[in-house]
Trainee: 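Once you've had a glance at the structure underneath, I'll fire off some questions.
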Amino acid sequence: MALLQLQNQLKEAVRSAALELFGIELDQIGAETPPRPELGDLAFPVSFELAKLIKQGTGAKVPPRTIAEQLKTKLEAAAEVARVDVAGAGYVNVFFDRAKLLSLFAGKHAGAVAEAPPIPDRPKKMVEHTSINPNKAAHIGHVRNAVLGDTFVRVLKAAGERVEVQNYIDNTGVQVADVVVGFTELEKMTLDQIKALDASLPADVPFDYYCWDLYTRVGVFYREGADEETKSARLRLRSDVLHAIEAGNNPTAELANYVATRNVERILDTMERLDIRYDLLARESDILHLHFWDRAFELMKSAGVIRLESQGKHAGCWVMPFESHTGTDEHESDKIIVRSNGTVTYTGKDIAYQLWKLGRLGLDFNYKPFRSYPDGHVAWVTTTEPNAEILPELPRPNFGGGVKVYNVIDSRQAYPQEIVARGVVALVPEIGADASVHFGYEMVALSPAACTELGIELSEEDRARPYIEMSGRKGLGVKADDLIDRLEKDALKEVEARHPELSTDERRATAHEIAVGALRYFLLKFTRNSVIAFDFNEALSFEGETGPYCQYAAVRANSIFRKLDETAIEAAAELLRKATTDSQTGARVSEVLGGEAGTEVWSLLMLAERLEEAIAQCAASAEPANLAKYAFTLARGFNLFYHRHRIIAEEDEIKKAVLIAVADITRQRLTSALATLGIKVPERM
RNA sequence: GCGCGCGUAGCUCAGUUGGAUAGAGCGUUUGACUUCGAAUCAAAAGGUCGCAGGUUCGAGCCCUGCCGCGCGCACCA
């Protein structure tokens, strides 16, 4: 039995006791962990609520402590419960039978949490993340998006959900058009020349890096060094390119497609370094050419979700009424979906796409494989070509049609996201208002110190700010690959100093895992709505509350078991099982787990056993930082335990068995928690 | 102007649907490697939880007002 089951059992006991004693039906029973282990293993603050309900029902004022006393006797009946205390103003504190619980937990292979198989009939959840404009390299702000999304996917999977991961490719946007203008106007290049350039670029300036610089140069080209007439001619150039891309089937569109696809490939390479993968790349050009919008437009018109304005400043536009934002003189409250020139806005396209994700559009993409990962997983991409996917050896999954969609998009887009969600729910009310979730997060900004380090000159105004926003347009930002390279270099230096006996490949692999652990943890330890003011020292640290700290704890634990006899774990479990029948052994185990030192060991076990709870809570709250904190707390607990006890040298057989069991459970749970965060545990570090 | 978010230790941040003595990391000071790995551990110092009211057995958390900061409010994507 797992701890979670035991908790649920006790909650049921509280529920039936409340019904029996007071005739009150409790719908939700809160159970919490007491602030200090001396107070117990599980606390029910339920007496306070019952006191309130009794007063409401009968008018009788019953002190919470009196209620708690009555609940106490009911809970003490459970076999796993050693005793129950009433504490404070009326807490019901449960103390478990430590020896009994340890014997229940020991020797099992509990590490399978991260690979919990999805339940096949489970309705599918969709997570869209990354969605970087494919016109330049990814920066750390993009990585925050991808790491949050990928981690949340892992959390959902660990909680037994079926999940589909999508990456939206806006390959027809102005950003791509800008880079195309850069190639054709600034570089005067043809598609063949671009391909030749791409093939000849040095390793330290890959295609997406080249585009990064070109993109900023185009920005300057539009804005500076020319008279107004020339500038507006240049901007016309941009909109001509944009239209050509949208229309498709012309040389400009072909060139743009090459640029976008190459950038997507490079971005996927970057993400793969961080163990981030996708099931489907959904391209905007395909949404356009397969007429998803036309269908959505018809649906919206016939449902009366949008209306055609005949007068006012929005005359000729199709708008969606949006009353929650009161209109002012400057800003209308209605949201334009179709412009007066007949073109659709981004929001309109997004509604169509969101409908498809939820299986409510009545149209589908065509698909073809885009890339295969080493383990055989395939990321597919949408296409307009019919039957493109017919490859008998590669069965295609069914994409789309989820019951719930999480869009990982930064919180600046809260307003457009709200409109999309409302539009969708207005069209298909039966899916419910919570089918579209904006999984928002704050941006990664640069600290003034980071800017200085990057050699970025700041204006006086910017220097006074707490942080400076990154900008792809201005080329202001830390490229993801650069940061990963630097982390790997730093980690490699440490590994080389500590483990000269390892081969070059092993050292490099270890350094890579440490670098990934450091970066992923750094981006996950902040809650979603906290702005990360990026600081190199903090991000490059391997000490304190970091990924490597957590990895290190697991590595140390593993090294104990590498040195122990292979049968030690099973032998320890056997001895602990004996303790449940043999009263003398049982008393000794209780003694080892008692007292101040024993309570510390016991607390670690309790914490480790709360992994499922932590994952479930993380899935429900959609806050990956919760799990990151849990992993760190568990690692910290283990490091203390490690320091206090010598397992291999322990002479007391019973104590050794207890220590082995607790250390084994802890390392399994820690490894599992880290895996769910996308962090691996190296052999040595 | 309206909407959203934030304000907690010197700094960066947590704080579990309102719950017990508000917690971490970094930094500072001090101590611990002859032991299963010191990327570690222990100890100390550090708080008017922005301000003022309110709700109740109980508020960092909920409500109201104010102050400060950030973001958003396009026939841009």
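Order of the sequence lines fixes the chain letters, A, B, ..., with proteins taken first and strands second; residue numbering starts at 1 for each chain. Since this is a predicted model, take the numbers as computed values, not measurements. The analysis underlying the following values was restricted to heavy atoms, covering all of them including side chains, and did not include hydrogens, waters or symmetry mates.
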Trainee: Flag this pair as yes if the NZ/CZ of R144(A) is under 6.0 angstrom from the six-membered ring centre of Y441(A) and inside a 45 degree cone about the axis; otherwise no.
Mentor: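 No, a cation-pi geometry is absent between R144(A) and Y441(A).
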
Trainee: Both E538(A) and V338(A) contact RNA chain B. Taking the nearest nucleotide for each, which residue is further toward the 5' end?
Mentor: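 Mapping each residue to its closest nucleotide by heavy atoms, the 5'-most match is E538(A).
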
Trainee: Using a 4.0 Å cut-off on heavy atoms, which residues in residues 172-180 of chain A reach RNA chain B? List them by number, or say none.
Mentor: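 Per residue number, the list reads G173(A), Q175(A).
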
Trainee: Could you tell me whether the phosphate oxygens of U40(B), OP1 or OP2, come under 4.0 Å of any side-chain nitrogen or oxygen in H643(A)?
Mentor: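 No, no such contact exists.
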
Trainee: Quantified in whole Å, what is the C1' atom distance between nucleotide A22(B) and nucleotide C76(B)?
Mentor: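 Here A22(B) and C76(B) have their C1' atoms 46 Å from each other.
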
Trainee: Separation of L50(A) atom CG from C57(B) atom P, in whole Å?
Mentor: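 My rounded result for the distance is 15 Å.
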
Trainee: Between C6(B), C71(B), G58(B), which one does the side chain of N529(A) approach most closely?
Mentor: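 In terms of side-chain proximity for N529(A), the closest of C6(B), C71(B), G58(B) is C6(B).
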
Trainee: What's the CZ-P distance between R646(A) and C41(B), to the nearest Å?
Mentor: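 In whole Å, C41(B) P lies 13 Å from R646(A) CZ.
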
Trainee: With distance as the sole criterion, do the side chain of T345(A) and the base of C75(B) form a donor-acceptor contact below 3.5 Å?
Mentor: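 Side chain to base: no pair below 3.5 Å.
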
Trainee: Between C211(A) and N263(A), which heavy-atom pair has the shortest distance, and what is it?
Mentor: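 Heavy atoms only, the tightest pair is SG-ND2, 3.7 Å.
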
Trainee: For the residue pair D350(A) and Q354(A), confirm or rule out a side-chain donor-acceptor distance under 3.5 Å.
Mentor: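 No donor-acceptor contact under 3.5 Å links the two side chains.
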
Trainee: Write down the distance separating the P atoms in U17(B) and C62(B), rounded off to the nearest Å.
Mentor: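 To the nearest whole Å, 12 Å.
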
Trainee: Distance check: side-chain N/O of R339(A) vs OP1/OP2 of C76(B), anything under 4.0 Å?
Mentor: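 True: R339(A) side-chain N/O within range (under 4.0 Å) of C76(B) OP1/OP2.
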
Trainee: I want to confirm an ordering. Mapping L242(A) and A43(A) to their closest nucleotides on RNA chain B, which one lands closer to the 5' end?
Mentor: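 Nearest nucleotide further toward 5': that of A43(A).
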
Trainee: What's the closest nucleotide to the side chain of I336(A) if the choices are C75(B), U40(B), G19(B)?
Mentor: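 Ranking C75(B), U40(B), G19(B) by closest atom to the I336(A) side chain puts C75(B) first.
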
Trainee: In terms of relative ring orientation, are F526(A) and F522(A) parallel, tilted or perpendicular, with 30° and 60° separating the classes?
Mentor: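 Rings of F526(A) and F522(A): perpendicular, over 60°.
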
Trainee: Can a side chain N or O of S559(A) be found less than 4.0 Å away from OP1 or OP2 on G37(B)?
Mentor: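 True: S559(A) side-chain N/O within range (under 4.0 Å) of G37(B) OP1/OP2.
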
Trainee: Looking for any heavy atom pair under 4.0 Å, which part of the strands does I514(A) touch: base, sugar-phosphate only, or nothing?
Mentor: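 Answer is base: heavy atoms of I514(A) come under 4.0 Å of a base.
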
Trainee: May I have the distance from D410(A) (atom CG) to G70(B) (atom C1'), rounded to whole angstrom?
Mentor: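 Roughly 13 Å, once rounded to whole Å.
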
Trainee: Can you tell me how far NZ of K655(A) sits from CZ of R646(A), rounded to the nearest 0.5 angstrom?
Mentor: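 Atom-to-atom, R646(A):CZ and K655(A):NZ are 11.0 Å apart.
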
Trainee: Taking atom types as modelled and ignoring hydrogens, do the side chains of N407(A) and Y168(A) form a donor-acceptor contact shorter than 3.5 angstrom?
Mentor: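 Looking only at side-chain atoms, Y168(A) and N407(A) do not form any donor-acceptor pair under 3.5 Å.
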
Trainee: Roughly how many Å is it from CG in L308(A) to C1' in C75(B), rounded to a whole number?
Mentor: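 Going from L308(A) (CG) to C75(B) (C1'), I get 13 Å.
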
Trainee: When the P atoms of U16(B) and G50(B) are compared, how many Å lie between them, rounded to an integer?
Mentor: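 The answer is 15 Å between these two P atoms.
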
Trainee: So, is K563(A) close to the G37(B) phosphate, meaning a side-chain N or O under 4.0 Å from OP1 or OP2?
Mentor: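 Result: yes.
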
Trainee: For F632(A) and A24(B), say yes or no: do the ring centres fall under 5.5 Å of each other while the ring planes differ by less than 30°?
Mentor: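 The base of A24(B) is not stacked with F632(A) (the test needs centres under 5.5 Å and planes under 30°).
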
Trainee: Consider only side-chain N and O atoms of T151(A) and R520(A), and report whether a donor and an acceptor are under 3.5 Å apart.
Mentor: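 Note: T151(A) and R520(A) side chains meet the donor-acceptor criterion.
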
Trainee: Using Watson-Crick or G-U wobble geometry with both distances below 3.5 Å, tell me the partner of U16(B), or none.
Mentor: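 Result: none.
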
Trainee: Please name the nucleotide paired to U29(B) by Watson-Crick or G-U wobble geometry with both distances under 3.5 Å, or report none.
Mentor: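 Checking every strand shown, U29(B) finds its partner in A43(B), with both distances under 3.5 Å.
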
Trainee: Can a side chain N or O of Y415(A) be found less than 4.0 Å away from OP1 or OP2 on G72(B)?
Mentor: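 Answer no for this pair, as no side-chain N or O of Y415(A) is under 4.0 Å from OP1 or OP2.
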
Trainee: Taking only the C1' atom of each, what is the distance from C41(B) to G25(B) in whole angstrom?
Mentor: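 Those two atoms are separated by 15 Å.
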
Trainee: I'd like the P distance from G53(B) over to C26(B), given in whole Å.
Mentor: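 These two P atoms come out 38 Å apart once rounded.
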
Trainee: Could you identify the nucleotide paired to C62(B), looking across every strand shown and requiring Watson-Crick or G-U wobble geometry with both distances under 3.5 Å?
Mentor: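 The base-pairing partner of C62(B), which may sit in any strand shown, is G54(B).
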
Trainee: Just N and O in the side chain of Y549(A): are any of them under 4.0 Å from OP1 or OP2 of C41(B)?
Mentor: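 The answer is yes; a side-chain N or O of Y549(A) sits under 4.0 Å from OP1 or OP2.
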
Trainee: Write down the distance separating the P atoms in A24(B) and U55(B), rounded off to the nearest Å.
Mentor: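 Between the two P atoms, the distance is 34 Å.
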
Trainee: Just name whichever nucleotide pairs with A9(B), Watson-Crick or G-U, keeping both distances under 3.5 Å, else none.
Mentor: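 Checking every strand shown, A9(B) finds no partner, since no pair has both distances under 3.5 Å.
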
Trainee: Check for a donor-acceptor pair, side chain of K656(A) on one end and backbone N or O of I648(A) on the other, with a separation under 3.5 Å.
Mentor: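 Side chain of K656(A) to backbone of I648(A): a pair is present.
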
Trainee: Is the base of G19(B) stacked against the aromatic ring of F48(A), taking ring centres under 5.5 Å apart and planes under 30° as the test?
Mentor: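 Aromatic stack with G19(B) present for F48(A).
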
Trainee: Quick one: closest heavy-atom pair of N558(A) and R667(A), and the distance?
Mentor: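 Looking at all heavy atoms of both residues, the shortest contact is OD1-NH1, 3.0 Å.
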
Trainee: How long is the line joining OH of Y521(A) and P of U12(B), in whole Å?
Mentor: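 My rounded result for the distance is 18 Å.
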
Trainee: If the cut-off is 4.0 Å, is R238(A) near the phosphate of A77(B), judged by side-chain N/O to OP1 or OP2?
Mentor: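 False: R238(A) side-chain N/O out of range (4.0 Å or more) of A77(B) OP1/OP2.
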
Trainee: Considering only the C1' atoms, how many Å lie between G1(B) and C75(B), rounded to the nearest integer?
Mentor: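 Their C1' atoms lie roughly 23 Å apart.
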
Trainee: Looking across every strand, which nucleic acid part, if any, lies under 4.0 Å from F526(A) by heavy atom: base, sugar-phosphate, or nothing?
Mentor: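 F526(A): backbone/sugar contact only, no base atoms under 4.0 Å.
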
Trainee: Does the structure show a Watson-Crick or G-U wobble partner for U34(B), both distances under 3.5 Å? Name it, or say none.
Mentor: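 Across any shown strand, U34(B) pairs with none.
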
Trainee: Think R486(A) forms a cation-pi with F536(A), using NZ or CZ under 6.0 Å from the six-ring centre and within 45 degrees of its axis?
Mentor: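 Output yes; distance and angle both within limits.
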
Trainee: Give the rounded distance in Å between these two atoms: CD of E545(A) and P of A39(B).
Mentor: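 It is 19 Å, rounded to the nearest whole Å.
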
Trainee: In whole angstroms, how far is the C1' atom of A77(B) from the CD1 atom of I419(A)?
Mentor: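 Interatomic distance, CD1 of I419(A) to C1' of A77(B): 14 Å.
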
Trainee: Report yes or no: does K680(A) contribute a side-chain atom to a donor-acceptor pair with the main-chain N or O of E513(A) at less than 3.5 Å?
Mentor: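 Not at all, since once roles are kept as given, no pair shorter than 3.5 Å links the two residues.
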
Trainee: Under 3.5 Å for both donor-acceptor distances, Watson-Crick or wobble: does G72(B) have a partner, and if so which one?
Mentor: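 Per the H-bond distance test, C2(B).
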
Trainee: Can you tell which of A77(B), G37(B), C57(B) lies closest to the side chain of P416(A)?
Mentor: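 Of all the options, the side chain of P416(A) is nearest to A77(B).
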
Trainee: Between G54(B) and G46(B), how far is it from one P atom to the other, in whole Å?
Mentor: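 That atom pair is separated by 31 Å.
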
Trainee: Within the pair N639(A) and U40(B), is there a side-chain N or O less than 4.0 Å away from OP1 or OP2?
Mentor: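 Answer is no, no contact under 4.0 Å.
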
Trainee: So, OP1 or OP2 of U40(B): does either fall under 4.0 Å of a side-chain N or O from R556(A)?
Mentor: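 So the side chain of R556(A) is outside the cut-off, no N or O lying under 4.0 Å from OP1 or OP2 of U40(B).
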
Trainee: Contact class for G30(A) vs. all strands (heavy atom < 4.0 Å): base, sugar-phosphate, or nothing?
Mentor: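 It contacts base atoms.
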
Trainee: Can you tell me whether the side chain of H499(A) and the base of G37(B) have a donor-acceptor pair closer than 3.5 Å?
Mentor: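 Yes, a donor-acceptor pair under 3.5 Å.
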
Trainee: Could you tell me the separation between the CG atom of N133(A) and the C1' atom of C76(B), rounded to a whole number of Å?
Mentor: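 Rounding to the nearest Å, CG of N133(A) and C1' of C76(B) are 12 Å apart.
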
Trainee: Return the nearest nucleotide to the side chain of R636(A); candidates are A14(B), A39(B), G25(B).
Mentor: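 My answer, after comparing the listed nucleotides, is G25(B).
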
Trainee: Between the base of A20(B) and the side chain of R36(A), is there a donor-acceptor distance below 3.5 Å?
Mentor: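 Side chain to base: no pair below 3.5 Å.
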
Trainee: Name the orientation of the base relative to the sugar in C62(B): syn if the glycosidic angle is within 90° of 0, else anti.
Mentor: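 Anti, since the glycosidic angle lies more than 90° from 0.
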
Trainee: With side chain to side chain contact (heavy atoms under 4.5 Å, CB included) as the test, pick out the partner of H142(A) among I132(A), N133(A), T130(A).
Mentor: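 Of the listed residues I132(A), N133(A), T130(A), the side chain to side chain contact (heavy atoms under 4.5 Å, CB included) partner of H142(A) is I132(A).
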
Trainee: Across all strands, who's sitting opposite A22(B) as a Watson-Crick or G-U wobble pair, both distances under 3.5 Å?
Mentor: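 The answer is none; no pair meets the criterion.
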
Trainee: May I ask you to say what S340(A) touches in the nucleic acid, namely base, sugar-phosphate or nothing, with a heavy-atom cut-off under 4.0 Å?
Mentor: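 Touches a base.
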
Trainee: Counting side-chain heavy atoms from CB outward, which of G19(B), A38(B), A20(B) is closest to P45(A)?
Mentor: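 The closest nucleotide is G19(B).
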
